[in-house]
Each structure stands twice: as C-alpha cells, then as structure tokens.
Protein chains: 2
Amino acid sequence: MAHNREQLSASLEDYLEAIFHLSAQGQVARSKDIADRLHVARPSVTGALRSLASRRLIHYKPYGFVTLTRTGNRQAQRVVEKHRILKSFFTEVLGIKATEAQEAACRAEHALGPEIVDRLMGLTEFLAGGDKRDWVGQFRAYCRDSRI
Amino acid sequence: MAHNREQLSASLEDYLEAIFHLSAQGQVARSKDIADRLHVARPSVTGALRSLASRRLIHYKPYGFVTLTRTGNRQAQRVVEKHRILKSFFTEVLGIKATEAQEAACRAEHALGPEIVDRLMGLTEFLAGGDKRDWVGQFRAYCRDSRI
DNA sequence: TAATATAGTTAGGAATACCTAATAATCCAA
DNA sequence: TTGGATTATTAGGTATTCCTAACTATATTA
C-alpha cells in the first residue's frame, strides 16, 4: 500500500476530522453520523473508511465501529487545531460571522501549512489577546471608515 | 451547456489565471506555455481549454490561439486580485517568505470568499500601511518572543 | 423470536483532472 | 517548397470522489 508518508487529500482530512469530533463528543463514530456531518451519501463514507484504513489511520472492519489509530488521532488533531485557529482568526480578528468563518476555515484548512497557521495564531493572540490597546477595535473602525 | 452561473473549480481558476498572466505579459497564451506554467502535461491543457470555452470564458479554436472573453477576463481578474491580496498579507503581515507565500496564496485563493479577502486586504493596509505605529514591527517582536 | 426498521455495503456509474503514447497540424529554415 | 522540429490534439487509461439503486447485516420491538 505504501501511502504512509503521502499527505492526505482534503476530502480524507475532512473524514478524519469528522471521526475525531464524533468519537470525542460521544462514543463511537458511526458511518451514518459521518455521512450526515459531511453531507455525503453513506456509500461515500464506506469508500473513505476503506481508504483511511489502508493508510492505517483508523481501525475499521465492515459493519464494525470506527476508531482512530494513534497516527490517525495525531493527524486528526492537527487538522482540528488548524480549523480552530483559522476560525478564530476569521471571527475574532476579521470580524466574520460564525457560520461563514466555520465554512471558510473548513475550506482553507487544507491549503495552509503549519508555518502560516502558527503565525496566524500568533497574530490572533497579538491583536485580540486582551491587550489594553484594542487593536481589533481600531481595525473595526478602520473597516467602517473604508467601507470594508 | 448551461454552466454559466456555476462557480469554477480550483483547477479551472488556475488555468484562467495562467491565461490572464500570459496574455498580459506578452501576446497570446499558447497551450505549451500554460502547460509549463501550471506544471501539467499538454493534453491536460487541451481539456481545460475546452471546458473554459464551453463556459464562454475564453475564445478557443483547436490549433488557434487563446484569448479571454469579457466574462473570462472579469473572472480572471478576480482570481488574480485575490492571489495578490493573499500573498501580500502572507509576506507583509505574517512575514512569510515570498516563495512559500506565493504557493500558499495559490492554494488558498480558491477557498476564501470575497468578504474574507476584502477584510484581509483591509487588515494588511491597516497593519502594514506605512503607519507611524509600526504594528507589524511589534508583531514581529511578539513572534520572536513567543518563538513563532 | 420473528417481523420490521435502520444501518452498512456492493454494484455500477458519472464527473473531474490528471497522465502517456501516438497522430496531426503548423511553423520555419535550407 | 518541402522536410524536420515544434506544438496541439486524439485516444485510451488511472485515481479520486462523489452519486443512486439494490441488497445484506444488525438492531429493535411487538
């Protein structure tokens, strides 16, 4: 199989992320719940699960439940973290509303490497980090003035 | 054909962008130059050109040269503009080096809508816009201190 | 526990976006 | 003007990622 070191497609990262959240907020990730969460049909999930299993990112047996392997968990956490950082940059710094921020984070998380994401996290802390100078407030005013 | 109102795939946006740049910086966009620029094989270009033509974004006849239609030009400009804004945010605000910024902009430009891109442009102007307060300088120092 | 509802999988197919190899058109220079 | 180099296309194939319809396994409940 040998796709060990290859990086995941955006689609497979989404599946991994969904499995992570479902396992966290309850018990086991069921195929139907993954399908609902990602708005795909159930057979698409079956295919994705097989692909993730062949990469040793999940434990999967047909009709059995799905759990993340150690590697899978590590990779999922990276994706989830990226998502979180992007979303809070969009909402807290740029002032984008939650739903749009959520969706954009979901699309952008696959496009940005760790270097940029780390800096974005830094910028969010720097600008929105409870500082007395209220930079974000000034940026909002600037946006209002220039009609952005 | 009727894909008029549908939004373009990331791939087709890349082709449109390449055609725009080649047309601008010289004369006509040739198939081979598009292939070289996007690092794809020539037959892939033929397919993409047919697809763009069916959407009325380019003028294309086999063995003829390629030019953007009015609509195509408008769409290409939007993509190019997004790219430009993202890249300058990455370099000027986040301090990412040019090549990485270039590549990341190329990947992210398809994921972010106009609202977020406009705000990013605003933020870049706000923070790096020749202001006496040198926010970017302070952010760099903050990054250094927190090892980002 | 047997009938039924739900969940999961197979089977088969479509769209996108690539590829290589082979062929056809076009261009250029002797 | 014609033959060789270059460029573009066709033909045929692969991988991904999605779909619907049909079937099978599992779970629930009467």
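Because only heavy atoms are used, hydrogens play no part in the values below, and waters and symmetry mates are left out as well, while side chains stay in. Nothing here was measured: the structure is a model prediction, and the numbers come from that model.
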Under 3.5 Å, which donor-acceptor pairs link side chains of residues 106-114 of chain A to any protein atom two or more places apart or in another chain?
{"unit_1": "A/Arg107", "atom_1": "NH1", "unit_2": "B/Ala111", "atom_2": "O", "d": "2.3"}
{"unit_1": "A/Glu109", "atom_1": "OE1", "unit_2": "A/His83", "atom_2": "ND1", "d": "2.6"}
{"unit_1": "A/His110", "atom_1": "ND1", "unit_2": "A/Glu13", "atom_2": "OE1", "d": "2.6"}
{"unit_1": "A/His110", "atom_1": "NE2", "unit_2": "A/Asp14", "atom_2": "OD1", "d": "2.9"}
{"unit_1": "A/His110", "atom_1": "NE2", "unit_2": "A/Cys106", "atom_2": "O", "d": "3.2"}

Length of the line joining A/Leu12:CG and D/dT17:C1', which is rounded to integer Å: 9 Å
Non-neighbouring partners of A/Thr69 that pass side chain to side chain contact (heavy atoms under 4.5 Å, CB included), sequence neighbours left out: A/His59, A/Thr71
Pairing residues for A/Arg30 by the side chain to side chain donor-acceptor pair (under 3.5 Å) criterion, not counting sequence neighbours: A/Asp33
Whole-Å distance separating the NE2 atom of B/His39 from the P atom of C/dC19: 11 Å
B/Arg42 (side chain) donor-acceptor with B/Ala35 (main chain) under 3.5 angstrom: no
Phosphate OP1/OP2 of D/dT16 contacted by A/Tyr15 side-chain N/O (<4.0 Å): no
Residues in salt bridge (Lys or Arg N to Asp or Glu O under 4.0 Å) contact with B/Glu81, at least two apart in sequence or another chain: B/Arg84
B/Ser11 side chain near C/dC18 phosphate (N/O to OP1/OP2, under 4.0 Å): yes
Contact pattern, 5' to 3', of nucleotides 3-9 of chain D - B, S or - by protein heavy atom under 4.0 Å: ----BBB
Separation of atom CG in A/Leu8 from atom P in D/dT16, rounded to whole Å: 12 Å
Residues in side chain to side chain contact (heavy atoms under 4.5 Å, CB included) contact with B/Ala41, at least two apart in sequence or another chain: B/Pro43, B/Ser44
Distance, rounded to the nearest Å, where B/Asp14 contributes CG and C/dT16 contributes P: 16 Å
